[in-house]
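Below is one structure, written out as structure tokens, with a few remarks after it.
Throughout, protein chains are lettered first and strands after them, A, B, ... in sequence-line order, and every chain is numbered starting at 1.
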Amino acid sequence: MNRVYTLVVCEKPDAARRIAHALGSAKETKPLGLSVFDVTRDGSRYVITSAIGHLYGISDVTASRSVYPVLDLEWAPLPKNARAARAIKVISELAQKASSFVHACDYDQEGEVIGHSILEYACGGAYGKSRRAKFSTLTDEEIQESFLSLAAPSEGLAEAGRSRHMLDYLYGINLSRALSRSFKVTKGGYHNLSIGRVQGPTLAFAVEREFEIRLHVPDPYWTVTASLAKGEKFSAQYAKPRIDTVSEASAVLEGSSGKDAVVANFQSRKVVLRPPTPFNLGDLQREAYRVLRVSPGYTLAIAEKLYLQALISYPRTSSQKLPPSIGYSKIISGLSRIGSYGGLASMLLSRSRLIPNEGKMSDPAHPAIYPTGVPPRSKLGGLEFKVYDLIVKRFLATFGDSATTQRADVSVDIGGYEFVADGVEVLYDGWMVLYRPYVNLERHSLPELKKGDRLDNLGVEMSEKFTQPPRRYNQASLLAKMEQEKIGTKATRADIIATLLKRNYVASSREGIEVTDLGLAVIESMKEYVPSIISTDLTRGMEEQLEKIELGKGDSASAIEPAVDRLVESLSSFMEREIEIGGKIVEAAAFDKNQAATIGSCPVCKKGQLRMIKSWKTKKRFVGCSNYAEGGCKASAPLPQKGGIRPTGKACPACSWPIVGVVFARRSKQWRICVNFSCPAKKR
DNA sequence: GCAAGGTC
């Protein structure tokens, strides 16, 4: 056997496996549990192994977590990560006998950094002499092609990526420590507070919406609706959709009730609906939330799994474009042999030309998400299949014909008042056939009408309504906002939202995402001392700098040094007033805790509030009175130990103890129980 | 028990 080999470093074990299989028949060994593949192709021997994501990161050389500012940073193996440490050991040993190196991590900024660290620190500074494999999908063809056109590594990209790590660490760690320290010097003890370049603006988006909602004053208005028929029934709205006064609405109602209804105008026109654009990750996450109610984070996890099985292309992409080089007809004929896609695929395969309806967004390293056409090796699980099906049908639909709908508008005169209605009907399905059952089009029909037609007036009604505050963000719409503002990466936006929830800066309720008092207090303190951290400007400025570095027009130091100067200045003014800031944060956290735990007023002492308490001893939760201390009220009651407890604000009619809701799963039915253990209404 | 970014 050839003793000389090229060491191929991939980003993750599954990528190493796919690359090895694409290059030939590989022999696998597992030193320290890490897969290593040995394969010979065209007379060259390759030893292929992988990282497990980042193996190195920035580490703090100071020991204590309550010290800031931290400014001396260095790259080091990730601490407390035994798997990463084992991978470094294996790669270092393989590197010693390697004659050359291939950097085969994902082709993007972060992938460049992952490979750079490994080649520099575990392979004796081999980054500069390594060669880069560039692929955007893990299909055999793309991998083989990438090995035929190995290029020099992108040093600018690596430096830009390393600078990004530095800046985020400097801002994030120092400001998070400043917040936590302000809490500690005020109240003592540690409270885990954090802020960063992405958390800051994301929380600020939710705060802005929170204010809009809290400051909204509902304005009454009235609507008048008529039930009409000509063979087919339909309803029509008074032409002024918002009537400001009850007297005006009553006049319309009186003037139109029981009066002749005559078509004053009828128009219909054709509307062309273009096919949907290919999915980028955000589009997929939003659509999966809309049609499957799957959270953005979970959708990404499923897509990642499908990618590693080579069923779809790289999912962490912002592109909405599908270049012809991916081989449209080959993919579609592949799909025609999978499951029930044969019929849909053959509709497209019979065409002379295939042209996808591309969107505007692009990505430097990857095309939009598309199915590879490779059949699944084993049956896909329920949700996995649903997400795969969504991706396949979206891909097919982008090649479909434009659909045509008929849009009709009618205006009806009823006793001198104008009422309007519209109808939407599909004349030609086009791409919609390919995208069922995910098409989002509301059809409602109108009967065949023409000017002068007399209609049956089946009754007119008026109703009072109130203007509504803007809707709360949910996880999908907040993610969409982050995407729109270009904050975070496609791969981490869902995680950032999870962190805000974990910190209790926001809470997720049935209505959506609500900002807590703690979240408000954190934003207020940052607004005063480091306003840039809650604004998207910080990211914008950083991106500009990084792009220069990537293109070789700037260096890391010139981006980092001025940022450190500004940060140090802000931190010192923050520290000067940390007791005052801490006071507000402590108060807000206490308020939230109290708010969350309060179940209702105490029927025994009639002074205190009943709260949910977790026993130190038994770790079980129960209800106790806030008036318990120093010989106060002893009222208490057990609680179910499983499920979410929701205050209802209602009292039991039989015993006047509070009624709570118990939920066992998201969106499941809420069970309402009286918390009083000896409530007379309970049959025991 | 601190960021944001990878991956498991």
Side-chain angles (χ1 to χ4, degrees), chain A residues 9-17 33-35 50-60 62-70 73 75 78-84 86-87 105-118 158 160-184 189-203 297 300-301 303-305 307-308 314-316 482 487-500 502-505 522 526 530 533 538-539 542-543 546 563 567 571:
Chain A
V9 179
C10 308
E11 185 157 324
K12 50 204 166 236
D14 288 281
R17 168 167 283 110
L34 187 76
S35 286
S50 75
I52 312 151
H54 280 291
L55 300 183
Y56 297 82
I58 293 170
S59 85
D60 169 8
T62 59
S64 166
R65 280 198 171 187
S66 53
V67 172
Y68 78 89
V70 179
L73 307 175
W75 286 81
L78 291 184
K80 292 177 202 160
N81 189 331
R83 287 189 67 189
R86 284 198 295 271
C105 296
D106 292 349
Y107 187 47
D108 53 25
Q109 181 173 286
E110 227 42 50
E112 195 65 30
V113 174
I114 291 170
H116 173 274
S117 302
I118 292 168
R162 285 160 64 83
S163 308
R164 202 278 309 150
H165 277 256
M166 286 283 180
L167 287 166
D168 279 342
Y169 194 98
L170 286 164
Y171 276 98
I173 299 299
N174 287 307
L175 291 171
S176 297
R177 284 187 183 181
L179 285 169
S180 298
R181 213 187 100 108
S182 78
F183 188 99
K184 191 172 181 178
Y190 183 84
H191 194 99
N192 197 0
L193 297 169
S194 67
I195 198 75
R197 179 179 55 82
V198 184
Q199 283 183 41
T202 307
L203 180 56
L300 173 54
E304 172 78 8
K305 226 172 154 184
Y307 162 67
L308 291 174
Y314 189 71
R316 291 171 185 140
M482 295 170 80
I487 284 295
T489 74
K490 50 235 171 196
T492 56
R493 289 180 183 122
D495 290 341
I496 297 286
I497 296 172
T499 301
L500 297 179
K502 200 166 87 187
R503 297 273 180 270
N504 286 322
Y505 291 171
V522 166
M526 288 297 124
V530 204
I533 200 72
L538 190 59
T539 295
M542 192 186 79
E543 277 167 350
L546 296 188
L567 181 63
L571 286 168

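Within the nucleic acid shown, A/Gly488 comes within 4.0 Å of sugar-phosphate atoms alone, with no base atom in reach, counting heavy atoms only. Nucleic acid contact class of A/Arg181 (heavy atoms, under 4.0 Å, all strands): none. Using a 4.0 Å heavy-atom distance criterion, A/Arg83 is classed as a base contact. Note on A/Ile487: nothing from the nucleic acid sits closer than 4.0 angstrom, heavy atoms only. Across all strands, A/Ile496 comes closer than 4.0 Å only to sugar-phosphate atoms, never to a base (heavy-atom distances).
Salt-bridge formation is not detected for the pair A/Asp60/A/Arg65: no Lys NZ or Arg NE/NH1/NH2 atom is positioned less than 4.0 Å from an Asp or Glu carboxylate oxygen.
Comparing B/dA4, B/dC8, B/dG6 by their closest approach to the side chain of A/Thr492 singles out B/dG6. Nearest to the side chain of A/Glu11, among B/dG1, B/dG6, B/dA4, sits B/dG6. Closest to the side chain of A/Arg197, out of B/dG6, B/dC2, B/dA4, is B/dA4. Set against B/dG5, B/dA3, B/dC8, the side chain of A/Gln199 has B/dA3 as its closest nucleotide.
Residues A/Arg177 and A/Ser66 bring no donor and acceptor atom of their side chains to less than 3.5 Å of each other. Donor-acceptor pairing under 3.5 Å is recorded for the side chains of A/Asp108 and A/Tyr314.
Both A/Ala491 and A/Tyr171 sit near DNA chain B, but only A/Tyr171 has its closest nucleotide nearer the 5' end.
The shortest distance between the side-chain N/O atoms of A/Ser180 and the OP1/OP2 oxygens of B/dG1 is not below 4.0 Å.
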